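All figures in this text were calculated on a predicted structure; none of them were measured in a lab.
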Amino acid sequence: LEWVEFYYGEFPGNEERPQSEVTLIAHNVSYDLSFILEHLMPGSLQAIKKGSKFISASGIYRTCDLRFKDSYKIIPSKLQAFAQMFHLPDLPKEVMPYDIFTHDFINGDFLIDPNVIAEAYSSEMVDKMRPNIEQHGCICPHTGLWNMLTYATFYCKRDVKLLSEGWNRFRSMTLEFFDQDINGCETLTTASLAFKHLTKECLSGVYSVSGLVLEFIRAATFGGQTQAARNESMIIEGQPIYDMDKVSLYPAAMVHMKGIPQGPPVPFYDEIPSDSDYFFVEIEVTKVRGPAWDFPLVPLRKEGLNDWTNEIEGQKIIIGKQTLEDLLAWHDEFSYTVLRGYAFNCGFNTNLAPTIQKLYDRRAELKIEKSPAQLIFKLIMNSSYGRTGLKPIDKMEYYLSPDKIHRFIANNYYRINEMNIMPNGDTRVSCSKAVSVHYNQQHIAACILETSKHLMRKVLLLQQRIGSP
């Protein structure tokens with residue numbers, strides 16, 4: 001921080017340097033921020049968090065405006081993998097015996113016998129460390145002990161270099177292939193990177209939803225169906241286990257879809273409109289006849305969990321068009337009563353399938369070339385649907401200086417959940433946020449998940465349908 005302030009700050013001697021916003025990037029920025037927060041100017045911290053983890057933050061250190069970004073949120077891989085991912089053979093990730101850094105060790109002279117590391121970890125770790133220990137003068141000449149403070153300095157510099165090279169390689173790829181700059185303050189996660197690409201290519205005429213409509217469609221959005229047949233625990237010995245899965249399932253579902261429903265959702269009751277292109281509907285199941293599927297078609301929500309079951313007769317369920325068609329197709333008899341729902345009747349944006357297919361084909365070419373650029377295509381394809389179903393953010397955090405806290409409490413006392421004092425003297429206030437102001441494209445996420453299960457049913461249920469052993 002002192003170097004940043006010296007180079008970019010405003011003080012006599014560097015008046016000619018332009019004042020600029022400095023971005024600091026760390027792999028798991030929450031860890032690094034825990035050491036920096038106490039040095040930021042009171043009242044200057046602003047943050048975007050998910051749970052207890054920082055996604056990004058900004059604050060002021062003396063005369064510098066600082067922004068913090070988490071590289072792990074954009075490149076979700078261990079730093080250890082960067083050398084291979086980005087073809088950086090000269091920058092292998094070094095190893096560090098973290099457990100030896102106890103309070104007593106840190107308060108001592110940082111010297112250690114390598115045999116102690118071998119006993120705590122392995123002789124292989126010592127062998128991996130030894131070349132750099134010798135190269136960087138980390139061995140005390142008279143005792144042969146290793147100076148871990150000197151080694152830690154080298155280790156940290158190597159990590160910074162590795163992160164810098166990997167980040168810049170990834171940035172070059174996003175600029176070349178997608179004309180997006182991950183240094184931009186609006187790009188914080190892989191999902192946001194993918195969503196920006198989808199917005200540009202596929203979301204023309206597609207509405208966002210919120211409030212009651214969003215929550216209704218969310219009830220028709222079911223995550224991955226990961227289960228053993230008939231939900232039975234079993235122990236298999238001496239024979240193969242058949243694990244049914246599909247390569248690039250979500251991209252395949254997006255290619256299979258007719259498109260993304262356009263226009264606003266229109267409410268209906270008692271009957272599904274005949275002119276609807278897609279719909280989400282609450283039905284009461286009146287009769288079910290057919291096989292007791294090993295892998296049931298729909299779940300019932302119980303205490304926030306999905307219970308995938310065939311026992312749905314007499315139940316009320318909220319599903320989408322594709323799931324309703326599958327229920328009719330896979331059962332010998334299936335009848336129901338329509339209660340209510342929302343329909344889309346303005347056609348489809350049909351750009352999704354060719355966009356995803358283009359990404360898939362380009363990634364296949366890059367994999368053959370063994371280019372690290374294939375990574376970005378994989379990340380964007382796998383993350384492209386996630387942002388559309390972003391869960392409502394029901395909490396907001398504010399960081400307030402002592403002179404502002406009393407007025408804030410007076411104006412917002414009814415939505416304050418908790419408060420605590422930060423290391424720099426600020427008060428962190430956690431407040432409830434109205435979910436009615438949250439918007440997303442929940443119907444896109446629901447369509448993709450429905451279609452993915454439709455594809456998997458052809459694999460999981462066909463054997464049972466035709467009576468094959």
(message) Under the rule for ring-ring contact (aromatic ring centres under 6.0 Å, His included), what residues qualify as partners of Y121, not counting sequence neighbours?
(response) none
(request) Identify, with sequence neighbours excluded, every residue that meets side-chain contact (heavy atoms from CB on, under 4.5 Å) alongside S208. (result) Y439, Q441
(request) With sequence neighbours left out, write down each residue that passes side-chain contact (heavy atoms from CB on, under 4.5 Å) with T350, or none if nothing qualifies. (result) F348
Determine all donor-acceptor pairs shorter than 3.5 Å in which one atom belongs to a side chain in residues 404-413; sequence neighbours excluded.
{"from": "N411", "atom 1": "ND2", "to": "R407", "atom 2": "O", "distance (Å)": "3.4"}
{"from": "N412", "atom 1": "OD1", "to": "R415", "atom 2": "NE", "distance (Å)": "3.1"}
{"from": "N412", "atom 1": "OD1", "to": "R415", "atom 2": "NH2", "distance (Å)": "3.2"}
{"from": "N412", "atom 1": "ND2", "to": "F408", "atom 2": "O", "distance (Å)": "3.0"}

(request) Taking side-chain hydrogen bond (donor to acceptor under 3.5 Å, both in side chains) as the test, write out the residues that go with R67, two or more places apart. (result) E21, T23
(message) Suppose we screen for side-chain contact (heavy atoms from CB on, under 4.5 Å). Which residues come up paired with K395, at least two apart in sequence or across chains?
(response) N417, S430
(request) Just jot down the ring-ring contact (aromatic ring centres under 6.0 Å, His included) partners of F178, sequence neighbours excluded, or say none. (result) H197, F377
(request) With sequence neighbours left out, write down each residue that passes ring-ring contact (aromatic ring centres under 6.0 Å, His included) with H87, or none if nothing qualifies. (result) none
(request) Could you list the residues that satisfy side-chain contact (heavy atoms from CB on, under 4.5 Å) with Q322, not counting sequence neighbours? (result) Y278, E325, D326, E450, H454
(message) Once ring-ring contact (aromatic ring centres under 6.0 Å, His included) is applied, do any residues pair with F170, and if so which ones, sequence neighbours excluded?
(response) none
(message) Measuring from atom CG of L193 to atom CZ of R387, what distance do you get when rounded to the nearest 0.5 angstrom?
(response) 13.0 Å
(request) Establish, yes or no, whether a centroid distance under 6.0 Å links the rings of Y342 and F216. (result) yes
(message) Once salt bridge (Lys or Arg N to Asp or Glu O under 4.0 Å) is applied, what residue pairs with a partner in residues 357-371 remain, sequence neighbours excluded?
(response) R362-E365
(request) Keeping to residues at least two apart or across chains, list the side chain to side chain donor-acceptor pair (under 3.5 Å) pairs with something in residues 30-55. (result) K49-E397
